[in-house]
Amino acid sequence: MDKSCALGIDLGATDIKAALVDRTGKILRRDAQPTRAELGPDAVIDRIVELIDRLRTGAPSLQSKGGGPKRANGSEHPTHKPDIVAVGIGAPGPLSPSRGIVFKAANLPKWRNVALRDRIAERIGLPVVMENDANAAAYGEYRHANDKSLQDLVLLTLGSGIGAGTILGGRIFHGHFENASEWGHMIVEPNGRPCTCGQLGCLERYASAGAIARTIVAQIERGQSSSLAGCVRAGEAVTSVDVAAAAQAGDALAQTVWDEACRYLAVACINIQHAVNPQSILLGGGMSAAGDFLLNPVRRHTEAMRWKLHDDHPDIALAQLGNDAGTIGAALLAWDSLDT
Ligand SMILES: [Zn+2]
């Protein structure tokens, strides 16, 4: 590998993902390792540094051993040490990107006011920037779109919860307290389902992949019939992908649960439109694997519910980068930091 690159890290509750990324946003190499979040922040920081060192030294990816996951591109086996110019970290919030501190993270136990950015920088001796993980992913999608006419977009990442990032005027929108655009925690049902954040009725309790799975399991346990009842009775995990497949195969309960989630997403799209007026709202994360089966009902419900005062409505579309959005966005933010 003979060109300079930035290293993007996506710190998740289950895995730490990393990628070497060139200035254009192309991934040159990926690696990952389990977060082991239960060990607490010091151990997780050690594991991030280990991963960075592995990529810095050109050591073989642990993922590529023993028939690990197949890489999406073929450039995974560098023979030279890469020239890493900076590191970008996407971390779960709430956090302060400007101060590099993670205040708290729902899925990372014992994380309280952890100075993640500076602790990593001290260990590796490279410039480090830190950003909210969903903001980094939104920035990755924005840069990937590579469309000068598209400067204002929102990304909703539909996974176990709903991560969200907002790009306005080509820049991440942080807000005064630096935790803007937590769209997953917009309240869509006053006094609704309790959320891990302490509020009641958050969007992610109704429209995330996790919520869909929990909803159908609860309904089956209450006696409703479904093709997924056997899985539930056997104690097998049901995912939103299973629900989408059952719905597409004609399962009436799965269709109802899926459609209800899409209706809440439509509510979110309309509220986002009124809050920040983006040109585009992108749907990403595990649920977006359903493709048009997700997109079409969200668009249909949005069309039915939205205001009639004006015709300029955001385009609702599928995100493009999948699991790479976070590492690419974090690495591009690291590149940007060198230019300022
Ligand atoms: Zn919440």
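We count ligands from 1, going down the list as the structure has it; atoms in each ligand are counted the same way. The basis for the numbers below is simple: all heavy atoms, side chains too, and nothing from hydrogens, waters or symmetry mates. Model, not experiment: these values are computed from the prediction.
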Starting from F103, walk the hydrophobic network (Ile, Leu, Val, Met, Phe, Trp, Tyr; side-chain heavy atoms closer than 4.5 Å) and list everyone else you reach, by chain and number.
-> I101
Report yes or no: do S240 and W258 form a side-chain donor-acceptor pair below 3.5 Å?
-> no
Is the shortest side-chain N to carboxylate O distance from K17 to D324 below 4.0 Å?
-> no
Anything protein N/O/S under 2.8 Å from the Zn ion (ligand 1)? Just list residue and atom, please.
-> H185 ND1, C195 SG, C197 SG, C202 SG
Taking only residues two or more places apart in sequence, or in another chain, which ones meet D312 in a side chain to side chain donor-acceptor pair (under 3.5 Å)?
-> none
Compute whether any side-chain donor of one residue and acceptor of the other, for Y139 and D336, lie under 3.5 angstrom apart.
-> yes
Side chain to side chain donor-acceptor pair (under 3.5 Å) filter on R171, not counting sequence neighbours, yields none
